[in-house]
Amino acid sequence: MSLKTKIAVLGSGNGSNFTSLAEACNKDSLRAEITLVISDVKDAKILNRAKELGIPNKFINPGKFRTKLDDTAEAAYIKALKDSGAQWVALAGFMRILKGDFLRAFEQKVINIHPSLLPAFPGLEAWKQAYDYGVKVTGCTVHLVDYGIDTGRILAQGVVPVLESDTSTTLYQRIQEEEQRLYPSTLARLFNNKI
Ligand code: GRF
């Protein structure tokens, strides 16, 4: 039997993707163990969800910037992640850009899920960008994180059609359902060397 891959999750908000990963770990459809959940938001729901599931979790102050970690915070994040034994870092709604030292500490081992079919609609509220543009299909993308914004190598994509009856909210709900299927299944394939 192969050993479980150790992953940590970073998130700023609701934590539905984290929960889908944790459930897949419990069911063993993803042979991985979540060693730590970190949030940059003190009262983020993702931390409560981790608590409920008995998964180690902590808030680490992100420092003085709004869109990135300051140097002290970056070092604290890296230390906590390394101390937890995490081999991979899965971003799940983490609303800060990760820079050089962090990405070098986890070279090619940081993964993100983005709510559009990249390279279309990078950045914030991608589902709304897609809806406002008038595309007929959109979806979500699991990708490696590199130095750009939502530019890293694509690992998998899930397609979601835009319905005539959709609002941007209903569209995003269906994209999130697809995310919760795609993220754990992609990590399972990745850790089995199938990608
Ligand atoms: C997801 O839609 C993900 O694609 C984006 O942030 C959102 C996080 O949602 N990066 P949740 O916190 O996992 O519910």
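Reckoned from all heavy atoms, side chains included, excluding hydrogens, waters and symmetry mates. We count ligands from 1, going down the list as the structure has it; atoms in each ligand are counted the same way. Just so it is clear, the structure is predicted and the values come from calculations on it, not from any experiment.
- Among all non-hydrogen protein atoms, the one lying nearest atom 14 (O) of ligand 1 is S16 OG, 2.5 Å.
- Polar contact with ligand 1: present for Y172 (N/O pair, distance under 3.5 Å).
- Below 3.5 Å of separation, one finds an N or O of I113 facing an N or O of ligand 1.
- To the nearest 0.5 angstrom, R96 atom CZ is 12.0 Å from E74 atom CD.
- Both tests hold for K82 against F106: distance to the six-membered ring centre under 6.0 Å, angle to the ring axis within 45°.
- Looking at atom 6 (O) of ligand 1, its nearest protein heavy atom turns out to be G93 CA, 3.4 Å.
- Contact detail for C25 and I34: the closest heavy-atom pair is SG-CG1, 4.1 Å.
- Few gaps surround CZ on F59; more than 12 heavy atoms of other groups in view lie less than 6.0 Å from it.
- What sits closest to atom 9 (O) of ligand 1 on the protein, heavy atoms only, is Q176 NE2, 3.3 Å.
- Relative to the six-membered ring of F65, K68 meets both conditions, a distance below 6.0 Å and an angle of at most 45° to the axis.
- At a heavy-atom cutoff of 4.0 Å, ligand 1 is contacted by the side chain of E179 but not by its backbone.
- Classified by interplanar angle (parallel below 30°, tilted 30° to 60°, perpendicular above 60°), the ring pair F94/Y77 is tilted.
- Looking at G15, P115, A92, A126, it is G15 that brings a heavy atom closest to atom 12 (O) of ligand 1.
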